[in-house]
Asker: 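Quick one: the structure is below, and I'll ask about it shortly.
Proteins get letters first, then strands, A, B, ... in listed order; numbering begins at 1 in each.
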2 protein chains.
Amino acid sequence: MTISRPDGQRSPTLEEVAEWAGVSRSTVSRVINGVSTVDPDLRELVQRAIDATGYVPNLAARSLVTRRTDSVALVVSEPDDRTEQSEPFLNRIFTDPFLGRITAGALEVLRPEGIHLVIMPAESPAHHHVLRYLRQGHVDGVLLISSSDEDPLPQQLCDLGIPAVLSARPGKPLPMSYVDVEQQVGAKLAAEHLLAIGRHHLATISGPLDMPSSQDRLAGFRAALAVHGHAYVPSAAGNFTRASGEQAARELFAAHPEIDGLFVANDLMAEGALQALRDLGRRVPDEVAVVGFDNSIAALQCRPQLTTIHQPLEEMAAEMARLLLSRIGKADPKPRSVIFHPRLIKRESA
Amino acid sequence: MTISRPDGQRSPTLEEVAEWAGVSRSTVSRVINGVSTVDPDLRELVQRAIDATGYVPNLAARSLVTRRTDSVALVVSEPDDRTEQSEPFLNRIFTDPFLGRITAGALEVLRPEGIHLVIMPAESPAHHHVLRYLRQGHVDGVLLISSSDEDPLPQQLCDLGIPAVLSARPGKPLPMSYVDVEQQVGAKLAAEHLLAIGRHHLATISGPLDMPSSQDRLAGFRAALAVHGHAYVPSAAGNFTRASGEQAARELFAAHPEIDGLFVANDLMAEGALQALRDLGRRVPDEVAVVGFDNSIAALQCRPQLTTIHQPLEEMAAEMARLLLSRIGKADPKPRSVIFHPRLIKRESA
DNA sequence: GGTATTCCAGGGAGCGCTCTCTCCAAGGTC
DNA sequence: GACCTTGGAGAGAGCGCTCCCTGGAATACC
């Protein structure tokens, strides 16, 4: 950094604070780091010196010796094969309420620990950029939001030995901690609710099929319906954006006009589907019942408001942060996973 | 950080690479940093040593001496007085397409320079947290998205002497670089378009009135209408979220059912207003014409699609990044500002 | 009263890098 | 051939901090 005080001089060092207080560097260091074996009078003297000089520890010097930076990265990753889409990656992740909830949940845990969170988008062509950032030791660990099966980032982080926690079950088995929600159970809740309100022609809009979570929701939905004798369930895949949900709904209803119950793999796409249904003149929920997934704020902003499957993203992110901190603290590399339970939130759309 | 190679040993140092190649630390350093005065053969030898050992420079050690970190922060700040709102800050900023466009624009400039961008939300109670992060020297400079007049962060960064660039004209005069768009001109474009399509009862939904940009858009709209003899212009303030736009529109139409032309200070609120109008049974654009602001992706996802005022956010962010880099490179602290031009994008809603 | 023990401040090494300075060798000049 | 210049490698200091170790003073123990 190039920090210089307003008057042009450099920011004070430990040594200068020590001189001000008439003590040794070590003593100031002890005060800064809250070591208890310091005489209270001296401690106060040093504290005054710190205040007087406006001292702030130099992070580079500190982390050179402690090998800690007290910050972790939230990396939002994107696989290769989806970069060609209409809506740019950055638009997508910064439009979906998902990221805000994750951030909020993680900060809830990290801030009290004095750990900073830096958010980094990592769309595919810039993967190496982010990887370099991580390898350089800017952060102590990584919260990785990775969607695709094909994403090499989890494996790479693993190889690098950087502590990391995943936001979902990895596509390939990997010795990493992760949190997840019971995707199949969520889908089952949706299926059973649609059946319970008397719908017979069910269909689903899934997420991208290279994502384990999308696969699980789709499989869970189909499995639940199979139990009730529904062998064939029309489906169309979107990419979790509103526009893709709208598009998928159009396709689905063009091919299967008889559909009267729709499970959509996230709320944003459900909102798009609602739009499509409105354009098609289908009344929701009278003619078509719609169930979303996420229970994001988008679900409340729809008309009609979305019945949806709640996943506790904030708690999940908080747990990710906790898992990461425990990995950073100890040298214990034993990966753990924590699975959360979804639940049905009944509103107007189904 | 606690990086250890998979096999448990620490990552290699310059010294080790030098030993591998049989040269001095200095030579390896020169190769790493692309200094030209190195024998090509030696350079290649060193390069092989780097590859073989998997060497990555230790950032802390480097920045301890260079006083550079090669990363900048994108800080999204929030003033004190707005934290009490219904929709949490993190939800708001990670739902508005705004941030994604800013990030994209900044990365466009920063990545080719090898500069990393870290995104940090800074809602008011956590200001000191972020400030500490910045003071510790994690970053070389700051791109500051600050909305309110009352936000102390610009002043604080100024006092700290951290290079920073603002995303809008600061509320109080400050020796900082900033970019902005001609807000008043944008509002004028909206006003004149609404008049041009024959609307006579105009109103506006503004942003929070503690934001200079909101004030400017409101003032610009009023001024343009005053020229055409409209003395009184009903207005209601939102907070740039969809829900607040919906709410504001309801209030406005309850008090002034005669409104036939509406200028909304951003697209997200305009989308909310469209929702309200639909609920009220007012046809857009036939009965009420609506003009938004931003030309965000949200404008395309509305029904009807929004006529809006385009502001080139990506280019503005890129310019912010350029201004910041020039401030970081040189010691020249002369602040500069760059003002962009808005333009009207005609679609369906007006 | 002498020795063992505890407590707490200071000294010093060293984290991994950059960067200046020095030095050597090769080439050029008169 | 003696001198100077230049290109390019190495040596060494030092960035600001932590942390181990040492040592002196204060206290406890026999």
Asker: Take atom CD of A/Glu15 and atom C1' of D/dC15, then tell me their distance rounded to the nearest Å.
Answerer: 12 Å
Asker: Please tell me which of the listed nucleotides, D/dG16, C/dG16, C/dT20, lies nearest to the side chain of B/Asn58?
Answerer: C/dG16
Asker: With sugar-phosphate meaning primed atoms plus P, OP1 and OP2, does B/Leu59 contact a base, only sugar-phosphate, or nothing at under 4.0 Å between heavy atoms?
Answerer: nothing
Asker: Scan nucleotides 22-28 of chain D nucleotide by nucleotide, 5' to 3', and note B when protein non-hydrogen atoms come under 4.0 Å of the base, S if they reach only the sugar-phosphate, - if neither.
Answerer: -------
Asker: Round to a whole Å and report the spacing from CG of A/Leu14 to P of D/dG14.
Answerer: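 The answer, rounded to whole Å, is 18 Å.
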Asker: Has B/Thr69 got a side-chain atom pairing as donor or acceptor with B/His138's backbone, closer than 3.5 angstrom?
Answerer: yes
Asker: Over how many whole Å does the gap from B/Arg30 atom CZ to D/dA9 atom P extend?
Answerer: 7 Å
Asker: Would B/Arg111 and A/Glu123 count as a salt bridge (charged side-chain N to carboxylate O under 4.0 Å, His left out) here? Give the steps.
Answerer: CA-CA 12 Å; B/Arg111 283 212 172 122; A/Glu123 71 274 31; 3.0 Å; yes
Asker: May I have the distance from B/Tyr55 (atom OH) to C/dG16 (atom C1'), rounded to whole angstrom?
Answerer: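 Computing the B/Tyr55:OH to C/dG16:C1' distance gives 7 Å.
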Asker: Looking at A/Thr13, I'd like to know whether one of its side-chain N or O atoms comes within less than 4.0 Å of OP1 or OP2 on D/dG16.
Answerer: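 Answer is no, no contact under 4.0 Å.
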Asker: Which residue, A/Val23 or B/Val56, contacts DNA chain C at a nucleotide closer to its 5' end, judged by nearest heavy atom?
Answerer: A/Val23
Asker: Is there side-chain contact between A/Val28 and A/Val31, with heavy atoms separated by less than 4.5 Å?
Answerer: no
Asker: Looking at B/Ser29 and B/Arg25, would you say the former's side chain and the latter's main chain have a donor-acceptor pair under 3.5 Å?
Answerer: no
Asker: Round to a whole Å and report the spacing from CG of A/Asn33 to C1' of D/dC17.
Answerer: 9 Å
Asker: Residues in side-chain contact (heavy atoms from CB on, under 4.5 Å) with B/Val56, at least two apart?
Answerer: A/Arg135, A/Gln136
Asker: Out of D/dG10, C/dG10, D/dC17, which nucleotide sits closest to the side chain of A/Arg62?
Answerer: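 Nucleotide nearest to A/Arg62's side chain: D/dC17.
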Asker: By nearest heavy atom, map B/Pro40 and A/Leu64 onto DNA chain D; which one lands nearer the 5' end?
Answerer: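 The residue closer to the strand's 5' end, by nearest nucleotide, is B/Pro40.
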Asker: Between A/Ile328 and A/Pro163, what is the shortest heavy-atom contact and its length?
Answerer: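 Closest approach of A/Ile328 to A/Pro163: CG1-CB, 4.0 Å.
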Asker: Would the base of D/dG8 count as contacting B/Arg43 through its side chain, where contact means a donor and an acceptor less than 3.5 Å apart?
Answerer: no
Asker: Which whole-number value in Å describes the distance from A/Gln136 CD to C/dC17 P?
Answerer: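 These atoms are roughly 11 Å apart.
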Asker: Would you mind telling me which of D/dA9, C/dT18, C/dG16 lies closest to the side-chain atoms of B/Thr27?
Answerer: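 Of the candidates, D/dA9 comes closest.
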Asker: Is there a donor N/O on one and an acceptor N/O on the other, under 3.5 Å, for the side chain of B/Arg25 and the base of D/dG12?
Answerer: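 Between D/dG12 and B/Arg25, which were checked side chain against base, a qualifying N/O pair under 3.5 Å is present.
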Asker: Can you identify which nucleotide, out of D/dA9, D/dG10, D/dC17, has its nearest atom closest to the B/Asp39 side chain?
Answerer: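 For the B/Asp39 side chain, the nearest candidate turns out to be D/dA9.
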Asker: Please tell me which of the listed nucleotides, D/dG10, C/dC15, C/dG16, lies nearest to the side chain of B/Val65?
Answerer: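 Taking heavy atoms from C-beta onward, the closest nucleotide is C/dG16.
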Asker: OP1 or OP2 of D/dT18 versus the side-chain N and O atoms of A/Ser29: is any pair under 4.0 Å?
Answerer: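 Looking at the OP1 and OP2 atoms of D/dT18, one of them is under 4.0 Å from a side-chain N or O of A/Ser29.
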Asker: Would you call the rings of A/Phe94 and B/Phe94 parallel, tilted or perpendicular, where under 30° means parallel and over 60° means perpendicular?
Answerer: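 The rings of A/Phe94 and B/Phe94 lie parallel, inter-plane angle below 30°.
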Asker: Any sub-3.5 Å donor-acceptor pair from B/Asp151's side-chain atoms to B/Ser146's backbone N or O?
Answerer: no
Asker: Rounded to the Å, how far apart are A/Ile50 CD1 and D/dC17 P?
Answerer: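 Going from A/Ile50 (CD1) to D/dC17 (P), I get 11 Å.
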Asker: Kindly say if A/Ser24 contacts the phosphate of C/dA9, meaning a side-chain N or O under 4.0 Å from OP1 or OP2.
Answerer: no
Asker: Check every atom of C/dC15, C/dC19, C/dG10 against the side chain of A/Ser26 and return the nucleotide holding the closest atom.
Answerer: C/dG10
Asker: A/Glu19 has an atom CD; how far is it from atom P of C/dG10, in whole Å?
Answerer: 13 Å
